[in-house]
Amino acid sequence: MLGVRVIPCLDVNKGRVVKGTNFINLQDAGDPVEVAKRYNAEGADEVVFLDITASHEGRDTIADLVKKTSEQVFIPLTVGGGIRTVEDIRNILNAGADKVSLNSAAVKDPEIIRQASQRFGAQCIVVAIDAKKTAQSKWTVFVHGGRIDTQTDAVEWAKKAVSLGAGEILLTSMDKDGTKDGYDIELLKEVSKSVSVPVIASGGAGTVDHFAQACYAGASAVLAASLFHYGQLTIKEVKKYLRSKQISVRGAGNV
Amino acid sequence: MSKKIAVIDYGFGNIESVLKALNFCKAQAETVNKPEALSGYGAAILPGVGSFGPAAEFLKISGFDEAVKNYVKSGKMLYGICLGFQLFFTKGFENGEHEGLDLIKGEVKKFDLKDKSLKIPHMGWNTVKTAENIYARKMFKGIEDGESFYFVHSYYALTQDVSKSSSVCDYGGDFCSSIAFENVWGSQFHPEKSGDKGLAVLTNFIKEAL
């Protein structure tokens with residue numbers, strides 16, 4: 001059986017893993033290569049690096065980091081944050097990433113999805129959507145770390161991104177992100193049933209049951225960042241619980 | 001015989017990832033982009049990400065199709081990964097009908113899933129059922145039946161040469177997830193992205209080949 005993927009996300013600033021909320025009070029949390037290795041050993045099915053480096057000069061370090069990680073960690077690696085051009089995508093993939101995640105750049109110019117998908121294959125183009133509920137059963141897309149409301153309907157944008165060649169949707173609920181009171185299940189259901197490609201649930205995980213709820217809502221993968229960083233839950237604990245709920249996960253027999 | 005492994009670079013590859021995984025398994029590996037250079041290597045890997053038609057066409061134009069076939073005839077070991085594996089089959093039906101290398105009798109077709117909750121691409125870790133034959137045992141030596149490997153593909157292979165299939169995987173129905181027969185091995189899954197189990201498959205290949 002195809003397993004639901006459990007994915008830890010690492011926020012990376014100038015080549016270091018950082019912890020903090022809403023880009024404030026960032027604290028150093030280690031070397032991304034070592035953290036990725038540890039998550040791999042714990043049974044992570046994939047690792048996401050989200051580059052939050054603000055300055056342009058700091059951005060070359062992410063490619064170097066991807067290179068080092070991919071020499072030592074042999075599970076899929078997705079890199080997002082600040083990717084603007086097809087050339088940026090090429091550099092990150094050449095460095096050893098398996099997928100890139102596009103967010104603001106894709107909203108600004110959706111054609112980049114088509115160009116990148118045609119050139120590198122849909123399987124490595126993830127479109128990240130930061131969605132916020134604005135009315136009953138209605139969500140709009142926010143960009144630039146959730147600061148700007150594009151007034152684009154999130155479900156419609158997901159469909160469009162897939163039609164342009166996105167191979168996967170990374171769906172973050174801005175309302176739930178950081179709250180630890182569960183993923184936005186309604187949003188997840190809407191997007192998941194509207195697109196043919198896998199959807200990664202993000203934002204709001206706080207308990208093992210939240211992960212199960214996301215799976216029931218149609219998520220192909222479940223992502224969390226701070227929950228795993230702070231050791232509030234381990235990947236093993238999440239997988240063990242999902243298995244106990246008859247949700248297929250990799251390596252559950254060994255955890 | 002050369003102890004080096006050739007990773008065939010024909011412009012459709014996850015070349016770097018494959019090289020890094022081979023290096024991690026302590027094998028010497030290099031990219032090869034000239035068909036005539038292939039015979040100098042002790043083993044070869046045909047990687048691949050992309051579309052069947054253009055890749056098959058490029059193999060033909062570059063002369064890699066004949067070079068790979070001759071390489072296999074010489075008895076040296078070849079491993080195909082993902083699209084590289086699909087190219088081993090007789091025909092592929094990705095945007096039209098295309099001829100493959102025909103090392104294995106079979107066809108590559110798009111998933112036509114009745115269960116609409118199953119997503120395409122088939123992306124993630126799926127379990128495989130390993131076959132009971134000598135080559136399958138070599139390929140999956142030290143790996144328990146039912147282990148998971150990392151897949152990402154929208155087209156799947158079916159073979160009439162059932163004895164050459166070393167594992168099957170179920171995604172809305174069984175498809176051929178790997179082959180191993182004499183010196184031709186390959187997998188739809190990415191051994192270079194399948195963690196310890198994937199590295200074990202690559203190590204088994206290296207040991208068998210060199």
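Values in this document were obtained by computation on a predicted structure and should not be read as measured data. Every chain is numbered from 1 and lettered A, B, ... according to where its sequence line falls, protein lines coming before strand lines.
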[atom1]/[X]: more than 12 non-hydrogen atoms of other groups inside 6.0 Å:
X	atom1	answer
B/K141	NZ	no
B/D196	CG	no
B/E99	CD	no

Region of [X] in contact with chain A, defined by heavy-atom distances below 4.5 Å:
X	value
B/E192	backbone
B/S194	backbone
B/H153	neither

Any idea which of A/G96, A/P198, A/G218, A/A221 has the most non-hydrogen atom pairs under 4.5 angstrom with chain B?
A/P198
Picking from A/S70, A/G3, A/G121, which has the most non-hydrogen pairs under 4.5 angstrom with chain B?
A/S70
[X] portion near chain B, given a 4.5 angstrom heavy-atom threshold:
X	value
A/S220	side chain
A/D98	side chain
A/S248	neither
A/A95	backbone

Spacing of [atom1] belonging to [X] relative to [atom2] belonging to [Y], to within rounding of 0.5 Å:
X	Y	atom1	atom2	value
A/E71	B/S17	CD	OG	10.5 Å
B/S148	A/L2	OG	CG	9.0 Å
A/Q123	B/S154	CD	OG	8.5 Å

Is there side-chain contact between [X] and [Y], with at least one heavy-atom pair below 4.5 Å?
X	Y	answer
B/Y150	A/R250	no
A/S192	B/K119	yes
A/E46	B/K193	no

Mind listing the closest non-hydrogen atom pair of B/V49 and A/F120 along with its distance?
CG1-O, 4.2 Å
If you compare all heavy atoms of A/G167 against all heavy atoms of B/P121, which two are closest, and at what distance to 0.1 Å?
O-CD, 4.0 Å
Sidechain-backbone polar pair: B/W125 side chain, A/D45 backbone, donor-acceptor under 3.5 Å:
yes
Got a donor-acceptor contact below 3.5 angstrom from the A/S196 side chain to the B/I120 backbone?
no
Just checking heavy atoms, which of residues 19-36 of chain B are less than 4.5 Å from chain A?
B/K20, B/A21, B/F24
